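Proteins come first, then strands; the chains are lettered A, B, ... in the order of their sequence lines, and each starts at number 1. Given the structure is predicted, the values throughout are model-derived calculations rather than measurements. Because only heavy atoms are used, hydrogens play no part in the values below, and waters and symmetry mates are left out as well, while side chains stay in.
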There are 2 protein chains.
Amino acid sequence: MNSEHIDVRQHILDTAKPIILGKGFSAVGLNEILTAANVPKGSFYHYFKSKEAFGEALLEHYFANYCERLDSIFNTQDATAGERMLAYWASWLETQSCDDRDGQCLTVKLAAEVSDLSESMRGSLLRGTEQLLARIALCLSEGERDGSLPHYANCEQTALQLYEMWLGATLLTKIRRDRSALEAAMQSTRFILKMN
Amino acid sequence: MNSEHIDVRQHILDTAKPIILGKGFSAVGLNEILTAANVPKGSFYHYFKSKEAFGEALLEHYFANYCERLDSIFNTQDATAGERMLAYWASWLETQSCDDRDGQCLTVKLAAEVSDLSESMRGSLLRGTEQLLARIALCLSEGERDGSLPHYANCEQTALQLYEMWLGATLLTKIRRDRSALEAAMQSTRFILKMN
DNA sequence: CGCAACTAGACGACTGGTCTAATAAAGGAT
DNA sequence: ATCCTTTATTAGACCAGTCGTCTAGTTGCG
């Protein structure tokens, strides 16, 4: 019934994610996804109104998950805001530098390709990245208060600077296929956070 | 004859660039490119061995052009290295924030999509970005010497930090469709260059 | 039983990249 | 100038694959 409904829908999304992380959005056909998920084609259009709507759902789900993970890092009270901040970027480095699909960043993979292709998917990306940025900025301001981070003229601006840098580093990692770009970002981050 | 040969080939590349800048690599068919260029389909495989080889040529040509433009900015002796540096990033901001296709950045558009798709295109991107980084790092070190920029522990590291930030900012610009991300990058850049 | 949710997969109309076979052009030799 | 060879260029066939539709069939709950 309803739980089954959600299961199949979710199963399609879960199966699709690593495939799309590998090949992108346009280059993957529904066939490939559906045979991998053992779901017949007829079902797909029962759960999603179109490939585009499916892509939007994929992103929406991705960001929901991501924000949860983010909160579990940022809401710990066992560490200073500075330590939490550093832990976040360290986890970014690890997840993006290893070859494990599924852990990789959908934002980096799809942003450029999809933003010009679909307004609704661009909307998902926009909302998702704004949420992310808000959480980073919040943690920075907490760091100002608990003294674990320096005082910034503008937390939003600093959060944006960091996020931009890590997005770019992840993009370069796709080109380089090594950790160098991410490690450089880590070093710069330590410096910006004055935690080196 | 031979000059004609190169002309047609070049004409295909020139026509393709804005189209691919808009839709990406996989989502664009040869048909669309070739009809736009008024070149029959059969001719394509006379000039390029495959779509992938064509993509590689596109990137190769793009970076060759880009490096020329870069050199024309960086080799001016009328300005300090710091001013040249700032002029470069300012031009990045302008070209990437306006809607004008053709001026936009192929690296940002294609890196994520293509790096996992084609080794040869990834190779082009790798060589191109390394050239770019080398030029930026060189300009930074000239700035150290002529006193227009601060002394950096490592010019390559700083160049990489800046480039990563601007790549990320450009990616975010595709999502946001406004100048905010690039302007934030500009502000951070001024700060890093100590030119604010 | 009835009605909804869901599955099955054939089908249509089309586009994808690739390749072979035919044509056009060019160059050289007589 | 004419013929022949050789290369440059093109037309279109080819088939696998695309997204999306649609009808039949199955399942399961009230």
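A donor-acceptor contact under 3.5 angstrom links the side chains of S26(B) and E113(B), judged on distance only. In this structure, a donor-acceptor pair under 3.5 Å is present between the side chains of Q157(B) and S188(A). Between S120(B) and E52(B), the side chains place a donor N or O and an acceptor N or O closer than 3.5 Å (distance only, hydrogens not considered).
The interatomic distance linking D7(B) (CG) with dA8(D) (C1') rounds to 15 Å, in whole Å. The nearest whole Å value for the distance from the CZ atom in R9(B) to the P atom in dA8(D) is 14 Å. Atom CD1 in I12(B) sits about 10 Å away from atom P in dT9(D), given to the nearest Å. Protein atom CZ of F48(A) is 18 Å distant from nucleotide atom C1' of dT21(D), rounded to whole Å. Atom NE2 of H11(A) and atom P of dC6(C) are 16 Å apart (whole Å). Following rounding to the nearest Å, K49(B) (NZ) and dT9(D) (C1') show an atom-to-atom distance of 20 Å. At whole-Å resolution of the value, CG in L117(A) and C1' in dC19(D) are 14 Å apart. When rounded to the nearest whole Å, the span between CZ of F44(A) and P of dT21(D) equals 11 Å.
Residues D71(A) and R135(A) are paired through a salt bridge, judged by an N-O separation under 4.0 Å between the basic side chain and the carboxylate. Taking 4.0 Å as the cut-off between side-chain N and carboxylate O, K23(B) and E32(B) count as a salt-bridged pair.
Direction of the helix axis in the helix from dC1(C)-dG30(D) to dT30(C)-dA1(D) shifts by 10° between the two five-pair termini, rounded to 10°.
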Side chain to side chain contact (heavy atoms under 4.5 Å, CB included) between F48(A) and E56(A), intermediate numbers included:
CA-CA 10 Å; F48(A) 304 100; E56(A) 195 188 343; over 6 Å; no
(Q) I'd like to know whether L162(A) forms a side chain to side chain contact (heavy atoms under 4.5 Å, CB included) with L193(A), so could you lay out the CA-CA distance, the side-chain angles of the two residues, the decisive distance to 0.1 Å, and finally the verdict. (A) CA-CA 10 Å; L162(A) 286 166; L193(A) 301 179; 4.3 Å; yes
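A heavy atom closer than 4.0 Å to some atom of DNA chain D occurs in P40(B), G42(B), S43(B), these being the qualifying members of residues 29-43 of chain B.
Ring-centre distance between F54(B) and Y47(B): not below the 6.0 Å cut-off.
Contact annotation: H46(B) reaches the phosphate of dT9(D) (side-chain N/O to OP1 or OP2, under 4.0 Å).
Using a 30° and 60° split on the angle between ring planes, Y62(A) and Y66(A) fall in the tilted class, from 30° to 60°.
Each of dG17(C), dC6(C), dT10(D) was ranked by its minimum atom distance to the side chain of Y45(B); first place goes to dG17(C).
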